[in-house]
Amino acid sequence: MNRIVYLNGQWLPEAEAKVSIFDRGYVFGDAIYEVTAVAQGKLMDYPGHAARLKRSIGEIALESPVGDDELLAIHREIVARNALEEGLIYLQISRGPADRDFHYPEAPVPTLSLFTQAKKFLVDGPAVINGIKVISLPDLRWGRRDIKTVQLLYPSMAKMEAEKRGAADAWLYEDGFVTEATSSTAHIVTADGRLITRQLSHAILPGITRGSILDLARANGITVEERAFTLEEAKSAAEAMITSATQMVQPVVQIDDTVIGSGKPGPVTMRLREIYRDFHMAHLI
Ligand code: PDD
């Protein structure tokens, strides 16, 4: 890969972008991130990602190193510089380099970096046509999952465990209730077509795709219930799905050994996928 990346105000070939080994993002995982999808060389659902980024920055008591307009301009420029048609933009802000100390430095100099990653996700591949299998695992992440931090070791471990067991992903549970998938929001659909999605709290990330799907579902006459659901309820649901910026709406057809509904992607899931894609493809910026 020979990407041009952004690092603290500079545009650099990826091999030349260097961050200090004292960076708190590296030493403490003291950093937050965002992932925005790119389609047709434009940004998808950008305002939501920009708003959540601001929230994450505030929650860890940092200040954004760039203003709103500059942030959007950087997103657009990185797409242009890399001639990215389809894929994602990864953005990270850490508290920057400092002597190793659990206290935050008094005057942090945050590290802001962005890179692109090409990814074909808009075509309906096998995962969408056939749906995916997930396993269930206890949610052993920290208690502030509403902040999009780079502390992703447990989700990685869970993804590896899923792979080992022949599944595409893991649904995490806590006290019997599903929290979310390793890197996406979990939803189920009841036999009478209601969309059930866990309510926002510190237990889950406020997924931007989640918010959009709920709005679009309501606007299209699908009843939405924002409440926690158990693993048992998920296993006996008519349909299941995950949502994220890079996977959009992805049908889930098996949880552990239990086949969900007909074992094929369900009608509500596929309708939501279509509605989401149509809406956001028409509102790229
Ligand atoms: N993950 N929950 C978790 C734990 C996530 O990591 C993500 C996103 C989501 C969905 O959020 P959104 O709809 O805003 O993408 C839910 C991103 C894509 C990632 O880490 O790659």
Side-chain angles (χ1 to χ4, degrees), residues 25 29 31-39 43-57 59 75 86-93 113-122 127 132 134 136-160 162 168-174 177-188 195 197-217 226 228-229 240-250 252 269 272-273 275-277 279-280 283:
I32 47 94
Y33 76 107
E34 264 306 321
V35 175
T36 305
V38 173
L43 310 173
M44 190 181 278
D45 221 344
Y46 176 80
H49 291 282
R52 185 174 60 192
L53 177 65
K54 252 190 185 164
R55 178 179 184 277
S56 296
I57 291 171
E59 289 298 318
H75 275 80
E86 208 167 290
L88 60 91
I89 298 171
Y90 177 91
L91 173 152
Q92 180 172 318
I93 302 178
S113 57
L114 288 89
F115 61 79
T116 55
Q117 203 155 292
K119 178 175 156 79
K120 292 263 174 234
F121 59 87
L122 295 177
I132 59 164
V134 301
S136 62
L137 289 175
D139 196 337
L140 301 180
R141 298 173 298 165
W142 77 323
R144 288 301 306 275
R145 302 163 200 146
D146 57 309
I147 309 172
K148 202 164 170 61
T149 78
V150 299
Q151 298 163 27
L152 298 176
L153 182 54
Y154 186 68
S156 277
M157 290 167 77
K159 202 83 120 184
M160 294 310 290
D169 205 350
W171 277 24
L172 308 175
Y173 59 87
E174 190 173 53
F177 291 95
V178 174
T179 50
E180 52 191 337
T182 58
S183 60
S184 53
T185 307
H187 314 256
I188 56 171
L195 177 66
T197 303
R198 193 175 171 124
Q199 73 277 15
L200 297 182
S201 70
H202 288 175
I204 64 166
L205 184 79
I208 301 307
T209 319
R210 172 196 179 281
S212 179
I213 285 291
L214 297 192
D215 288 348
L216 290 168
E226 288 187 69
F229 55 87
M241 72 190 88
I242 52 171
T243 60
S244 80
T246 49
Q247 293 167 109
M248 296 197 286
V249 179
Q250 181 98 67
V252 172
T269 303
L272 283 172
R273 183 175 169 86
I275 292 169
Y276 180 84
R277 194 179 48 197
F279 179 83
H280 286 290
H283 292 85

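All values reported here derive from a predicted model rather than from experimental measurement. Counting convention: from 1, in listed order, for ligands and their atoms alike.
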For Leu140 and Met157: C-alpha separation, side-chain torsions, deciding distance, then whether side chain to side chain contact (heavy atoms under 4.5 Å, CB included) applies. CA-CA 10 Å; Leu140 301 180; Met157 290 167 77; over 6 Å; no
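- Only backbone heavy atoms of Thr243 (N, CA, C or O) come within less than 4.0 Å of ligand 1; its side chain stays farther off.
- The protein atom (non-hydrogen) at minimum distance from atom 18 (C) of ligand 1 is Thr246 OG1, 3.9 Å.
- The nearest heavy-atom contact from the protein to atom 17 (C) of ligand 1 is Lys148 NZ, 3.4 Å.
- When hydrogens are left out, the protein atom nearest atom 15 (O) of ligand 1 is Ala245 N, 2.8 Å; that is the closest non-hydrogen contact.
- The closest approach between any non-hydrogen atom of Thr182 and ligand 1 is below 4.0 Å.
- Between His283 and Phe279, the ring planes are parallel. Angles under 30° get that label, and only those over 60° would be called perpendicular.
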Begin with the C-alpha distance, continue with both residues' side-chain angles, and end with the deciding distance and a verdict on side chain to side chain contact (heavy atoms under 4.5 Å, CB included) for Val38 and Leu43. CA-CA 5 Å; Val38 173; Leu43 310 173; 4.2 Å; yes
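- For Ser56 (side chain) and Ile147 (main-chain N/O), no donor-acceptor pair under 3.5 Å exists by modelled atom type.
- Looking at Gln151, its side chain does come within 3.5 Å of a backbone N or O of Gly29 through a donor-acceptor pair.
- The closest approach between a heavy atom of Tyr90 and any atom of ligand 1 is not below 4.0 Å.
- The residue from Arg144, Lys54, Arg52, Arg145 that alone fulfils the salt bridge (charged side-chain N to carboxylate O under 4.0 Å, His left out) condition with Glu59 is Arg144.
- Across all their heavy atoms, Ala158 and Leu172 have their closest contact at CB-CD2, 4.3 Å.
- Short contacts between ligand 1 and His49, defined as distances under 4.0 Å to a heavy atom of the residue, involve ligand atoms 14 (O).
- For ligand 1, none of its N or O atoms has an N or O atom of Arg210 under 3.5 Å away.
- The Thr185 neighbourhood of ligand 1 comprises atoms 10 (C), 16 (C), with distances under 4.0 Å to a heavy atom of that residue.
- Ranking protein heavy atoms by distance to atom 13 (O) of ligand 1, first place goes to Thr209 OG1, 2.5 Å.
- The side-chain hydrogen bond (donor to acceptor under 3.5 Å, both in side chains) with Thr243 is formed by just one residue from the set Arg273, Arg210, His187; it is His187.
- With Ile242 as the partner, the side chain to side chain contact (heavy atoms under 4.5 Å, CB included) test is satisfied by one option alone out of Val134, Thr185, Asp169: Asp169.
- With atom 2 (N) of ligand 1 as the reference point, the heavy atom nearest to it among Glu180, Arg141, Glu34 is part of Glu180.
- In this structure, the protein non-hydrogen atom closest to atom 21 (O) of ligand 1 is Val35 CG2, 3.8 Å.
- Which parts of ligand 1 touch Leu205 is read off a 4.0 Å heavy-atom cut-off, strictly below it: atoms 2 (N), 3 (C), 5 (C), 7 (C), 9 (C), 11 (O), 16 (C).
- Judged by the shortest distance from any of its heavy atoms, Gln247 lies outside the 4.0 Å radius around the atoms of ligand 1.
- Using cut-offs of 30° and 60° for the angle between ring planes, the Tyr46 and His75 rings count as perpendicular.
- Contacts with ligand 1 closer than 4.0 Å are made by no heavy atom of Arg145, backbone or side chain.
- Residue nearest to atom 5 (C) of ligand 1, selected from Ala181, Gly211, Pro155, Ser183: Ser183 (by heavy-atom distance).
- Between the CD1 atom in Ile89 and the CD atom in Gln117 there is a gap of 12.0 Å [rounded to 0.5 Å].
- For ligand 1, the polar-atom distance check against Tyr33 finds a nitrogen or oxygen pair separated by under 3.5 Å.
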